[in-house]
Structure formats: C-alpha cells, structure tokens
Amino acid sequence: MSTKKTKPLKATTTRQQPTRHSRVVCLVSDEEMRIIDEYLKKYRITNKSNWMRETLLSFIYKSLETDYPTLFEEHDMRR
C-alpha cells in the first residue's frame with residue numbers, strides 16, 4: 001500500500017479587496033475584441049476584468065492629474 005505525500009498548506013494572506021457592487025458594460029466590435037484578445041495573449045494576461053479595470057482607471061487618474069485645477073494658467077506660471 002503506497003502512501004500519498006501531501007503538500008503542506010500555504011498560509012494565506014487576507015488582502016482587503018474593495019467590494020465591487022457596480023457593473024460597467026461596454027460593447028465592442030468583433031475587430032476590437034480580436035485586438036484585445038491578441039494583446040492579452042501576447043502579454044499573457046489571464047485576468048481580463050482586472051486588466052480592463054486597471055487600464056481604464058490608470059488612464060483616468062493620469063488625466064485627472066494633468067487637468068488638476070491651478071490658481072494660474074500654465075502659460076502664466078512659465079513666465
């Protein structure tokens with residue numbers, strides 16, 4: 001009778017992920033979907049929803065940083 005060796009359980013860390021209650025739906029064409037799928041395959045991205053969320057939010061954060069309201073216009077500050 002052979003005994004199976006079992007791997008010891010790894011200690012899991014509990015990451016506090018924000019609970020997501022809102023859904024966003026976006027329709028794309030077949031061509032756009034093909035482009036997205038090729039990109040995900042090329043860069044070996046397995047979690048499409050996480051990639052989409054990070055990509056979208058990083059673009060929004062960059063835009064918000066550059067469009068941040070200032071007291072003076074950029075032209076006046078460069079003088």
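Counting begins at 1 with the first residue of the sequence. No hydrogens, no waters, no symmetry mates; every other heavy atom, side chains included, goes into these values.
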Donor-acceptor contacts under 3.5 Å from residues 59-67 side chains, at least two apart:
residue, atom, partner, partner atom, Å
S63, OG, F59, O, 3.1
T66, OG1, K62, O, 3.4
T66, OG1, S63, O, 3.0

So, taking the atom named CZ in R53 and the one named CG in N47, what distance separates them when rounded to the nearest 0.5 Å?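 Between R53 CZ and N47 CG, I get 7.0 Å after rounding to 0.5 Å.
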
List for me each residue that meets side-chain contact (heavy atoms from CB on, under 4.5 Å) alongside D30, sequence neighbours excluded, and say none if there are none.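 Per chain and number, D30 pairs via side-chain contact (heavy atoms from CB on, under 4.5 Å) with no residue.
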
Contacts of type side-chain contact (heavy atoms from CB on, under 4.5 Å), residue R78, not counting sequence neighbours: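 R78 satisfies side-chain contact (heavy atoms from CB on, under 4.5 Å) with E74 once adjacent residues are dropped.
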
Can you give the donor-acceptor pairs under 3.5 Å from side chains of residues 18-25 to other protein atoms, not counting sequence neighbours?
residue, atom, partner, partner atom, Å
T19, OG1, H21, NE2, 3.3

Report the hydrophobic cluster partners of I36, with the cluster defined as I, L, V, M, F, W, Y residues connected by side-chain heavy atoms closer than 4.5 angstrom, directly or transitively.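 When side chains under 4.5 Å apart are linked, the cluster holding I36 also contains Y39, L40, Y43, I45, W51, M52.
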
Got a sec, which residues hit side-chain hydrogen bond (donor to acceptor under 3.5 Å, both in side chains) with S29, two or more places apart in sequence or on another chain?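 Result, side-chain hydrogen bond (donor to acceptor under 3.5 Å, both in side chains) vs S29: E32.
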
Of E38, E31, M33, which meets side-chain contact (heavy atoms from CB on, under 4.5 Å) against I35?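 Going through the options one by one, the only one that passes is E31.
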
